[in-house]
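For clarity, every value in this text was computed on a predicted model and none was experimentally measured. Heavy atoms only: backbone and side chains are in, while hydrogens, waters and symmetry mates are out. Each chain gets a letter, A, B and so on, in the order its sequence line appears, and its residues count up from 1.
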Amino acid sequence: KLSDKIQNVFDRLRGKGRLNEKAVEEGLREIRMALLEADVNYKVAKDFIARVKEKSVGEEILKSLTAGQQIVRIVRDELTELLGGETVEIELERNRLNEILLIGLQGCGKTTMAAKMGMKYREDGWRPLLVALDIYRPAAVEQLQKTGAQANVPVFAPESGEKPMAILSRAHEYALENNIDILIADTAGRLTIDDEMMAEVEELTQAIDFDEVLLVVDAMTGQEAVTVAETFNSRIGISGCIMTKLDGDARGGAALSVRSVTGVPIKLIGTGEGLQGVEVFYPERMSGRIIG
Amino acid sequence: TTLHKKIDGAFFDELLDILILGDMGVETSEKLIDQLKRTVKRDKIRDAEEIINLLKAGIQDILKSDIVYTAEIPDKRPYVIMLTGVNGSGKTTTAGKFARRYKDAGLKVMMIAADTFRAAAIEQLEIWAQRADVDIVKQKEGSDPSAVIFDGLQKAVARNYDVVIADTAGRLQNKSHLMKELEKIKRTSLKKVDEDQILSLLVLDATTGQNAVSQALIFNDAVKLDGIVLAKLDGTAKGGIVVTIKDRLGLPVLEAGVGEKIDDLIPFDTEAYVDGLFG
Ligand SMILES: Nc1nc2c(ncn2[C@@H]2O[C@H](COP(=O)(O)OP(=O)(O)OP(=O)(O)O)[C@@H](O)[C@H]2O)c(=O)[nH]1
Ligand SMILES: Nc1nc2c(ncn2[C@@H]2O[C@H](COP(=O)(O)OP(=O)(O)OP(=O)(O)O)[C@@H](O)[C@H]2O)c(=O)[nH]1
Ligand SMILES: [Mg+2]
Ligand SMILES: [Mg+2]
């Protein structure tokens with residue numbers, strides 16, 4: 001555990017005499033290593049450590065027998081702060097049509113999350129509609145239809161040959177006519193360097209004024225999380241992130257990278273393959289997980 | 001690039017940055033840079049380009065395998081390619097690609113839909129079987145994956161199939177009951193074919209960070225892996241974690257997934273890969 005590692009560093013250095021800036025440097029190095037092993041982006045980790053150092057080199061801390069523990073606490077607090085400090089939830093208004101778009105790289109969990117959200121909102125008394133905009137992946141529409149059925153949420157499916165723009169417009173009209181109050185659109189996975197696919201999402205967000213454009217990110221994503229989030233944010237504009245597969249043992253450093261670089265809050269997390277596996281994001285819990 | 005810089009601490013730090021940003025992790029990256037520094041010092045190398053080539057060679061040394069993997073199917077038939085990995089990594093799509101490759105080579109190919117759990121997983125694989133124009137063995141959603149494997153391999157042996165491609169459900173490595181299920185799938189296969197007739201592959205998403213090491217370790221414990229398929233290498237992520245995995249586990253990357261279409265699977269070229277790390 002990181003807190004033990006830091007404590008060992010300080011105990012060892014204290015044994016050699018009075019604690020000083022060198023001890024802090026070494027302790028900070030341990031922390032930086034832990035962050036990198038947790039997949040926090042390299043540059044994000046460097047900036048983060050610089051901030052922690054500023055807060056740690058006070059006389060009070062260095063004289064203290066619990067310097068190591070104190071620094072770990074500063075790190076945890078700083079992490080929690082960087083992850084947004086407080087929980088930020090998806091905000092929707094009753095009695096009108098709210099529209100949510102899910103985007104992200106291939107395989108991160110969008111389709112599953114659409115069904116999970118649909119079920120959660122239905123249970124909270126909303127009238128959700130899932131919209132299948134992935135016309136590329138084999139059996140993608142069937143997958144949304146099957147999970148939608150399990151969630152007891154209607155799924156709006158494309159007509160043969162229909163393009164995402166047309167499907168979405170038709171779904172929007174349908175939703176207005178049928179008293180739907182939450183429309184959740186699932187899109188195909190795409191690479192940020194696929195210009196055509198990025199343009200497709202741009203077009204969708206230009207046609208519909210979504211209440212939420214959510215970037216779905218796999219918790220096990222490595223260093224590239226920053227570039228991916230930055231590209232989606234600068235090109236499309238995202239209002240929030242969803243981090244998935246947090247039931248795994250990935251430390252989830254990508255959360256820190258995404259939040260600190262784009263400033264976009266993580267609003268929801270995926271914690272399992274089943275429909276129940278969706279929870280609100282708690283920054284404090286995440287920082288504990290990242291620091292290990 | 002760093003080609004015109006003077007050879008100082010900052011130069012080596014910049015090279016370290018490239019490795020870490022490529023997901024090679026701290027330990028492996030530092031080991032490579034320390035080794036590089038020693039060589040540079042010993043041989044008094046001053047040219048930046050030469051140093052970068054040395055670093056590439058160092059990475060190549062780790063990646064290349066003593067066993068030469070060719071995409072050729074060995075003589076003992078049927079040859080079973082078993083695809084395993086965490087959720088969403090690219091297994092089913094990779095299965096389709098393998099099917100097309102061996103069908104094109106004139107072989108008799110079968111797919112086994114052993115993901116009996118996820119919604120529309122069987123439908124998804126069926127579409128790939130149609131696209132590759134190969135046979136598929138499947139059962140109802142919810143059936144025991146080992147039973148489907150057994151059924152498929154039984155048919156494959158009886159009807160002289162050359163290649164069997166078995167797709168399994170995605171599973172996170174910390175779910176011990178799911179890893180037990182995977183062990184059972186492998187054990188069941190060994191009732192019908194010999195160990196040397198099975199190519200057990202871990203399909204790894206190139207965007208994955210350090211968690212890939214834990215995936216490799218635990219999946220290897222469950223099914224004794226022969227290698228890795230590095231999928232989604234057509235994206236911006238470099239998948240450098242495979243260097244760490246090769247260094248620590250000896251597990252080589254055999255194939256690379258470079259797109260979502262049926263031909264987007266290529267035998268792994270370590271040299272091209274290493275060049276791409278610095279491209
Ligand atoms: N364990 C776990 N598995 C998840 C979670 N979310 C999704 N999955 C699984 O991850 C895999 C991919 O999920 P999908 O919903 O198909 O992902 P996607 O983003 O829609 O994929 P594409 O449409 O191909 O881009 C499936 O096996 C899901 O069951 C999660 O929170 N935990
Ligand atoms: N760009 C790119 N996308 C890929 C590649 N391989 C797979 N994909 C995409 O990744 C997503 C997930 O692929 P699947 O084949 O369903 O992954 P899986 O491992 O079978 O997923 P589960 O069965 O749910 O665990 C799909 O959108 C695929 O099209 C690749 O090499 N490059
Ligand atoms: Mg999907
Ligand atoms: Mg699959």
Enumerate, by atom name, each donor-acceptor pair separated by under 3.5 Å where one atom lies in chain A and the other in chain B.
residue	atom	partner	partner atom	Å
A:Arg29	NH2	B:Glu30	OE2	2.6
A:Asp39	OD1	B:Gln210	N	2.9
A:Asp39	OD2	B:Gln210	N	3.2
A:Tyr42	OH	B:Asp17	OD1	2.7
A:Gln106	O	B:Lys232	NZ	3.0
A:Gln106	NE2	B:Glu260	OE2	2.9
A:Arg137	NH2	B:Gln124	OE1	3.4
A:Lys146	NZ	B:Glu123	OE2	2.6
A:Lys146	NZ	B:Glu141	OE1	3.3
A:Met220	O	B:Gly209	N	2.8
A:Gly222	N	B:Thr207	O	2.8
A:Gln223	N	B:Asp23	OD1	2.9
A:Glu224	OE2	B:Thr236	OG1	2.9
A:Lys245	NZ	B:Asn87	O	2.9
A:Asp247	O	B:Asn174	ND2	2.8
A:Asp247	OD2	B:Lys175	NZ	2.4
A:Asp249	OD1	B:Gln173	NE2	3.1
A:Asp249	OD1	B:Asn211	ND2	2.7
A:Glu273	OE1	B:Asn87	ND2	3.3
A:Glu273	OE2	B:Asn87	ND2	3.1

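For the set B:Val26, B:Leu21, B:Val86, the count of heavy-atom pairs under 4.5 angstrom toward chain A peaks at B:Leu21. When the candidates A:Gly253, A:Ala250, A:Gly109 are compared by the number of heavy-atom contacts under 4.5 Å with chain B, A:Ala250 comes out ahead. Annotation: maximal heavy-atom pairing with chain A below 4.5 Å, among B:Ala120, B:Gly239, B:Ala206, occurs at B:Ala120.
If you measure heavy-atom distances from A:Leu36 to chain B, the contacts under 4.5 Å come from both the backbone and the side chain. Of the atoms belonging to B:Val213, not a single heavy atom falls under 4.5 Å from chain A. Of the atoms belonging to A:Leu144, not a single heavy atom falls under 4.5 Å from chain B.
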